[in-house]
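Here the structure is laid out as structure tokens; the discussion comes afterwards.
Proteins get letters first, then strands, A, B, ... in listed order; numbering begins at 1 in each.
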Amino acid sequence: MKKSQSELNVFYETAHAELASALEMLAACKVTESPKQAFGYFMHAKDEYNHARSFFEMLSKRGKRASIEIARDFRFTPPSLITKGYISKKGFLIETMNLKDFIAFVYTNELLAKSSFENILILVGHSTHESRRISSIMADELRHHGMAKKFFLNHYPDLQPWQLMIYRTKETIHNKGRKIYDANLKFLDRLLTPLYRAIAYLAGTMAMKLNLNEFKRKGKNLMNISSSSIL
Amino acid sequence: MFIGVTGYNHESSAALVDENGVLVDFYREESLSRIKGDKSFPKRSIQKLLITNNLKKKDIERVAFYERPLSAFLHIAKEASLHMPRSLSLLTHQFRNFNRSSVSCYLDFLKFFRGLETKLIYSDHHLSHTLTALAYTNTKKDICSVVVDGFGDRSTASISQIVDPTEINELWECPYPISLGLFYSSITDYLGFAINEGEYKVMGLASFGDSKSNSARLVRGLMDWDSTSNEIISDMSYFDYHLSTSNSFSNKLEELLGPARNPFVRLVPGDSDFQRCADIARGAQDLTIYLLEKIFTHAHKITNSRRFLFSGGVSMNSASIDSLAQLSFVDEIIIPPSPGDAGCAIGAAFYCYIKSNYYSDFNISKPSLFPSRKEIRNDEFITEQIVSNEFSVLQRDEDDAFLKAAELIAEGEVIGTVLSSSETGPRALGNRSLLCDGKNKEAVENLNNVIKNRSPFRPTAPAMRYEIAQKYYRLRPEIYECYKSMSATCKCFEENVSLEFPTTHVDGTARVQIVENNSSLDKLLSILEPMGIEILANSSLNVSGDPTCFDLVDGLMVCSRTKLRYLLTDIGLLKRKK
């Protein structure tokens with residue numbers, strides 16, 4: 001059961017990541033002032049949407065075989081793209097980064113994504129329909145990486161290859177950092193859960209004593225209730 | 001200028017009302033973020049309101065949030081606290097996420113729109129619903145407002161008497177946790193559909209069910225109306241939505257109805273579990289209609305009103321509206337085009353407007369069904385390469401494009417539309433639609449199954465002019481306005497040819513859209529009718545799971561991702577190349 005759960009998790013998280021990439025590219029397409037760039041972002045977004053669909057289909061195939069309790073945990077709800085951190089609460093990357101950093105981010109992460117798909121390839125087994133799809137997705141990611149590199153060098157011709165390397169290393173470190181942070185957060189979460197629950201129990205005990213009846217509205221003119229009150 | 005804002009709990013949105021009481025602009029955050037059901041602070045929507053309407057923060061007189069944040073938080077915490085330790089996970093979640101709840105609205109304004117936080121005021125959740133609905137009536141006085149949703153900021157259903165927009169007296173409420181909306185969502189969840197998204201599917205599925213079946217009878221018994229106390233009563237041991245963050249129903253419900261459905265298994269008519277699920281959906285639908293009739297009857301009893309506003313998430317249950325219209329005391333029911341929480345931004349904006357003009361004359365203008373201002377940005381320029389590489393422009397001139405689109409529809413093609421402003425509500429009314437000949441079975445199947453990949457038990461809505469609809473459907477004058485925004489279903493006449501239309505549901509009903517004069521669909525139908533096509537099948541332009549398209553880029557993307565070939569846009573009629 002644990003194996004099936006972790007397998008579902010891989011497809012679930014990857015589908016989220018691919019869909020988030022699609023939305024990032026679509027957002028970039030909408031904010032750029034260049035029709036040529038808009039076309040590039042549009043095609044990139046379309047590829048990422050297709051990748052997300054492939055992973056959702058793979059998730060669905062496995063979800064059908066899972067127990068209902070487990071399957072229910074892997075239902076996709078779009079707002080989870082934000083709550084799980086795939087799309088930042090601050091906005092899309094194109095809204096929060098300068099163009100140079102954005103392209104560098106794409107350039108690096110496409111390559112990192114490709115390498116993470118190699119692990120999924122092992123999971124689905126070689127010479128299957130799914131493995132062919134994943135190989136095709138990997139080829140897409142490599143193409144996106146190449147396009148981002150080309151774009152980068154076209155727009156910033158003064159950049160030296162070593163500078164590109166620095167961008168890549170920086171982003172790789174960022175990614176690893178994010179993973180370590182995430183793992184630590186989960187560890188801390190497990191560690192602190194009993195404390196959180198104890199606090200919630202105390203707060204709940206106080207909440208139990210709250211009398212909210214006086215805030216009832218029955219018989220009142222709703223337009224006369226204070227507009228500055230949050231209660 | 002006045003801004004109304006919703007968010008954090010359900011779909012977020014922002015609305016702008018001017019000093020003359022006119023709804024100038026409205027955006028749902030999901031339209032801009034492309035994340036369906038996006039409930040984060042609507043910073044993109046507010047930003048867009050300001051930019052599109054060329055406003056500075058100093059031009060905004062007041063901003064209203066659609067509910068009282070602390071009230072919503074405390075009511076949930078208080079109820080959960082009564083069931084400790086079973087509810088400890090919910091309580092932990094509530095307290096840990098306190099800073100992410102709507103309580104942080106003030107801080108988010110401070111963070112993203114510094115200066116506006118000082119202008120922030122708060123309206124009651126159900127009052128925001130009421131004011132939204134009130135805006136869509138012709139007369140704004142002496143009418144009864146019925147709000148039924150999952151949970152507001154203190155109750156789950158309420159009845160108010162509107163004397164005039166400055167005097168709205170609440171007369172009855174259904175206290176949390178007993179909730180018709182959350183009951184329906186729990187059944188949605190039990191049937192394997194996503195809460196806040198799958199309720200439409202349950203409604204469509206119900207038509208296949210049998211009211212006399214054992215499953216329907218059992219569901220029907222989960223809630224009732226107590227005629228002595230005039231209250232909704234429910235055995236809460238079947239539900240967990242007030243105790244848990246992950247389960248909306250309890251094990252006891254599964255013991256009663258059998259195991260919940262695996263969400264990944266597609267539900268297809270004829271499959272082994274289909275009839276049981278359909279019967280359960282039927283039971284939920286029957287119970288919803290029964291309780292709504294009771295609430296409306298009580299509303300009439302305590303207000304003497306024959307005219308009603310109906311809003312809140314449950315009013316999106318279009319299959320129940322026809323029954324309400326048949327109640328002997330009902331003269332009129334008005335449902336706003338966006339009756340859920342997203343639409344509350346409109347009510348909140350009007351709340352600011354009324355509060356600011358409390359002692360002087362004010363006028364609330366009836367909003368258009370398509371309020372969002374057209375993009376200032378040059379869509380044609382920015383999509384130039386996308387269009388030239390991926391599409392052919394068949395016709396550029398607007399009239400020629402409509403004529404060609406009509407010809408294609410007559411030939412059995414499906415056409416997508418991205419025209420002018422987008423719709424207020426969740427239903428596409430022609431400007432962001434997928435359209436085909438509503439009597440052509442093959443075309444409707446193509447739209448439903450090939451392009452949209454919808455559940456096979458969900459019908460597609462037919463759109464037509466009023467004079468045409470009268471020939472086929474039993475329309476009720478009490479809910480005439482509802483037909484304009486697809487908010488109510490109606491029955492086909494008995495032994496009428498409409499029973500055979502592919503847009504007619506298995507139970508002989510259809511969610512008819514009466515097309516408004518001078519709308520895009522009106523223009524298209526005026527060309528199509530002489531060709532013998534009087535009904536269009538109309539579905540929203542989106543890929544399943546995505547929000548409805550907002551701008552031209554979204555429309556081009558849907559076309560590229562699906563088998564849709566034609567797109568009627570403001571820049572002409574486009575055909576996908578590959």
Option in [options] with maximal non-hydrogen atom pairs under 4.5 Å from chain A:
options: B:L120, B:T92, B:L171; value: B:T92
options: B:T166, B:L91, B:D38; value: B:T166
options: B:R96, B:Q94, B:E384, B:K43; value: B:R96
options: B:D554, B:N389, B:L82; value: B:N389
options: B:F112, B:Y351, B:Y106; value: B:Y351

Which bit of [X] comes within less than 4.5 Å of chain B, counting heavy atoms only: side chain, backbone, both or neither?
X: A:L81; answer: side chain
X: A:A66; answer: backbone
X: A:I87; answer: side chain
X: A:L23; answer: side chain
X: A:K64; answer: both
X: A:A27; answer: neither
X: A:S226; answer: backbone
X: A:M206; answer: neither
X: A:K61; answer: neither

Quick check against the 3.5 Å criterion: does [X] have a side-chain atom that pairs as donor or acceptor with the backbone of [Y]?
X: B:Q385; Y: A:A38; result: no
X: A:D189; Y: A:L185; result: no
X: B:S104; Y: B:N99; result: yes
X: A:Q37; Y: A:C29; result: no

Between [Y] and [X], do the side chains contain a donor N or O and an acceptor N or O under 3.5 Å apart?
X: B:S123; Y: B:S128; value: yes
X: B:N9; Y: B:E67; value: yes
X: A:N9; Y: A:E7; value: no
X: B:D108; Y: B:Y8; value: yes
X: A:S34; Y: A:T32; value: no

### Message
Any carboxylate oxygen within less than 4.0 angstrom of a Lys/Arg side-chain nitrogen, looking at B:K39 and B:E11?
### Response
no

### Query
Can a salt bridge be assigned to the pair B:R561 and B:D546 using a cut-off of 4.0 Å between side-chain N and carboxylate O?
yes

### Query
Among residues 129-151 of chain A, which ones touch chain B with a heavy-atom distance under 4.5 Å?
none

### Task
Please determine if A:R75 forms a cation-pi arrangement with A:Y12, meaning its NZ or CZ atom is less than 6.0 Å from the six-membered ring centre and no more than 45° off the ring axis.
no

#### Entry: Contact class of B:M84 relative to chain A, heavy atoms under 4.5 angstrom
side chain

